[in-house]
Amino acid sequence: MKIAQIIVDNKCKETDRVYSYLIPQGLEIKIGHRVIVPFGRANKKIAGYVVGLKSNTELEINKLKAIAGLPSNDIFLSADMLKLIKWMREKYLCYYIEAIHGALPANIRIKNTYIYELNQDSKNIDLLKEGNPQALMDVLEFMEENGGRATKEELRDNFNDNILENAVKKLIKLGVLKRHQKVKSQENIMYERFVYPDAEKAEIPANAKKQRLLMDIVGSKPGISIKALQKDYAIGKATIDNLLSKGFIRIEEKEAYRLVPEKIQAESKKILTKEQCRAFGEIEECFKKGRHVLLHGVTGSGKTEIYLQLIEAELKKGKQGIVLVPEISLTPQMIRRFVSRFGDTVAVLHSGLSNGEKYDEWRRIAEGKAKVAIGARSAIFAPFEKLGIIIIDEEHENTYKSETRPKYDAREVAMKRCDIEGARLLLGSATPSIESYFKATNKLNNMALVSINTRVNNKVMPNVKIVDMREELKAGNKSIFSHSLAEEIKIALGQKDQIILFLNRRGYSTFVSCRSCGFVAKCPNCNISLTYHAKGNYLTCHYCGYSRPNPKECPSCKSSYIKYFGIGTQRVEREFQSTFDDIDVLRMDADTTTRKNSHKLILDKFRNKEASVLIGTQMIGKGHDFSDVTLVGIITSDTYLNLPDFRAGEKTFQMVTQSAGRAGRGDKPGTVIIQTYSPEHYSLLYAKNHDYEGFYKDEIKMRKEMNYPPFSHLGHIVISGIGEDAVVKAAKEAGRSLNKLRGDNSNIEIWGPSPAPLSRINNRHRWQLVLKSVKEEEVLKILRDFNNSAFLNSEEVSVSMDINPLNML
DNA sequence: AGCACGCCGACT
DNA sequence: GTCGGCGTGCTC
């Protein structure tokens with residue numbers, strides 16, 4: 001007797017456990033298989049994942065149900081992957097099934113619905129028609145109009161739930177309706193059809209020109225695809241069908257992949273520069289010692305080539321590699337580099353793919369056809385069997401942390417996966433996150449640091465100039481372009497060079513700033529800027545709840561020039577065109593990039609020099625290599641600085657450094673102009689000097705003083721709901737509950753409850769609580785206990801929890 | 001979550 | 001009695 005331990009695909013707290021099912025005779029079930037099981041009183045057929053096998057159980061055998069079968073498309077989770085999933089459940093406070101779904105391509109869900117059929121012969125129809133409740137008649141009428149068949153969803157769209165349930169139940173009881181459950185695993189595999197000749201000699205009428213043509217083609221190219229016949233020879237379906245029925249040709253189906261790989265010229269290995277070579281050697285040395293590596297290489301230092309050669313080395317050992325990059329659709333150059341080096345053994349997993357395409361790529365990996373996966377966050381789960389290396393490029397990017405459940409951090413998952421599977425991890429960035437740099441310099445988590453401080457071919461770092469916008473205002477310049485920036489723009493335009501202008505318009509949270517002296521209101525307890533609330537006209541700190549009235553004049557210089565900020569890219573575009581006329585400008589932001597591929601189009605246009613100027617938000621600041629850009633202007637570099645976030649300095653440094661890194665990558669030296677209202681801020685000063693280490697030293701000192709990460713771990717609880725009163729009440733209740741759970745453990749701080757910085761989203765009010773402790777496990781434990789005692793999750797409010805969030809807005 | 005059961009008031 | 005509205009409790 002074999003018993004399977006199964007996680008069922010039913011997303012709820014109560015069913016987040018392992019169930020036991022009997023394995024019927026003749027069904028070969030292995031760990032990691034996806035199966036279909038009957039579940040619940042109604043024996044609804046749902047998907048389940050086998051996580052273990054046993055030969056006995058404490059449960060009563062005759063009360064166990066049996067596995068119903070296997071879905072048509074096989075999904076496997078390796079034993080290592082199951083370990084990772086279990087770890088994710090603990091670490092990110094999610095359900096097993098959520099972790100499983102996170103690790104599998106979307107759209108593999110088993111579709112499950114009920115189909116109702118009208119029993120036409122039933123005499124009961126007549127019975128019913130004699131003086132019956134309206135509901136029954138309505139449902140019957142609908143069924144008849146619908147051809148005697150309807151899915152549950154179709155009925156639901158047309159009837160009120162309660163009426164429906166009762167009426168349908170009644171009709172089933174009377175035998176008028178029949179219900180079948182339909183279980184369908186999405187058939188994601190696409191088949192392509194190929195034509196072969198299938199007769200010694202085909203006799204074709206003289207006038208059938210198309211048929212003759214087809215026979216000729218198939219004769220010279222047996223195995224040509226139907227697609228090619230239609231496209232290249234204009235042979236239609238009728239011709240093929242005709243010959244098929246005569247038996248002159250036959251058709252074979254083969255699994256096909258939707259993505260036709262771009263034909264890219266093979267590129268051979270580049271010779272590493274001296275510096276790259278040293279770094280490569282150091283990395284290999286660390287890997288040999290079983291260490292993970294943080295590679296800190298300045299912008300333009302040639303990290304990608306090192307990645308390529310590290311992967312090559314793993315492939316030579318018969319192993320496989322994963323490369324994570326942020327929002328991959330933004331870096332077509334990088335994909336091209338990988339494909340040109342590794343050909344069709346590269347699987348690309350990016351957000352621009354359809355679900356079917358994603359599934360195809362996933363399958364190519366699972367089947368061993370792809371050896372290198374390059375993709376965004378979720379590519380960390382690429383189903384390789386012999387994983388040798390995981391590379392995370394631009395590791396400081398926030399996109400590696402998922403904002404939806406499971407709220408995992410791909411960097412942490414990568415490290416765990418490497419540890420489970422004996423692979424090596426390489427994090428790479430020109431501006432490493434403080435957390436990673438801290439780990440690497442202190443050799444925590446077995447992480448080592450390798451640095452490259454020079455650009456390839458010793459290209460000089462761009463010259464960076466900080467412009468004090470307060471001075472500009474004093475001098476009467478109300479334009480968004482400072483004199484310096486305007487001058488540099490004119491020079492660049494005169495030399496036919498290209499220009500990039502950055503604007504960080506993350507304009508949700510307004511902040512109060514004095515335009516004449518740069519004063520920004522800050523919280524006395526938290527070293528974080530206060531947020532302006534128009535309603536009630538007050539300033540508040542969203543971490544500790546401190547609040548004060550909005551000052552009428554600047555407390556520092558008594559000026560009445562108190563303003564809150566918000567310049568959009570469109571305004572920059574308009575102002576640019578009115579200041580420097582007759583110049584082609586490209587704008588790239590959320591408004592212009594809604595269409596699929598539109599990023600690529602805009603960037604290609606810019607690369608082809610169809611415009612001299614590119615204006616955009618941060619999305620253009622990553623990894624692009626435009627060799628004719630000599631000037632980068634950062635219109636407002638203060639945006640982050642004034643967000644209520646202890647990472648404000650870090651994000652500013654990263655943004656400025658990365659943006660500046662776009663300048664001077666070609667033969668000409670680059671210039672960068674940073675416009676700011678806080679020119680003395682350490683983030684900007686260190687960024688100006690390209691001094692990451694200096695920045696890190698200051699930043700880590702602040703983190704230590706304030707006991708912020710990496711010196712502590714945060715737990716974030718957001719309580720939201722439509723009704724403000726219910727949310728506030730629940731938040732206060734949650735506060736009491738957390739205090740009780742904390743007991744007298746003084747290592748754990750609890751902040752709040754206080755309104756979330758984004759106090760209302762989608763019509764929902766939001767309040768938050770923050771837990772802080774030096775020990776992550778302590779935070780997790782309280783969050784878990786809190787979740788188990790959840791009196792809170794009701795129709796009125798919902799609770800979301802996150803461990804070590806990257807933003808708490 | 002999703003489903004069925006069963007209790008209870010309203011109405012034939 | 002019977003209908004259907006709604007709360008309750010369970011899922012190998």
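A note on names: the letters A, B, ... follow the listed sequences, proteins ahead of strands, and every chain is numbered from 1.
Here A:Tyr95 lies out of heavy-atom contact (under 4.0 Å) with every strand. Residue contacts shown for A:Phe39 include a base, since a base heavy atom lies under 4.0 Å away. If you check every strand for non-hydrogen atoms under 4.0 Å, A:Glu14 touches a base.
In this structure, A:His101 atom NE2 and B:dA1 atom P are separated by 15 Å, rounded to whole Å. Here B:dA1 presents its C1' atom at 10 Å from NZ of A:Lys11, a figure rounded to the nearest Å. Between A:Asp9 atom CG and B:dC3 atom P there is a gap of 13 Å when expressed in whole angstrom units. As rounded to whole Å, 15 Å separates atom C1' of C:dT11 from atom NZ of A:Lys45. Whole-Å rounding puts the A:Ile97 CD1 to B:dA1 P distance at 14 Å. Distance A:Ile46 CD1 to C:dT11 P: 13 Å, rounded to the nearest Å. Taking atom CD1 on A:Ile29 and atom C1' on C:dC12, their separation rounds to 15 Å, with Å as the unit. Here the C1' atom of nucleotide B:dA1 and the CZ atom of A:Arg405 are 13 Å apart, to the nearest Å.
Relative to the six-membered ring of A:Tyr400, A:Arg411 misses at least one condition, a distance below 6.0 Å or an angle of at most 45° to the axis. Under a cutoff of 6.0 Å and an axis angle of 45°, A:Arg89 and A:Tyr92 do not form a cation-pi pair.
For A:Arg41 and C:dT8, the shortest distance from a side-chain N or O to OP1 or OP2 is not below 4.0 Å. OP1 and OP2 of B:dG2 both lie 4.0 Å or more from every side-chain N or O belonging to A:Lys44.
Around atom CD of A:Glu385, no more than 12 heavy atoms belonging to other residues, nucleotides or ligands sit under 6.0 Å away.
With distances taken from any side-chain atom of A:Thr15 to the nucleotides B:dA1, B:dC3, C:dC12, the minimum falls on B:dA1. When distances are taken from the side chain of A:Asn10 to each of C:dT11, C:dC12, B:dC3, the shortest belongs to C:dT11. In the set B:dA4, B:dA1, C:dC12, the nucleotide with an atom closest to the side chain of A:Arg179 is B:dA4.
In this model, a donor atom of one side chain and an acceptor atom of the other lie less than 3.5 Å apart for A:Lys65 and A:Asn43.
In this structure a side-chain-to-backbone donor-acceptor pair under 3.5 Å is present from A:Arg377 to A:Thr399.
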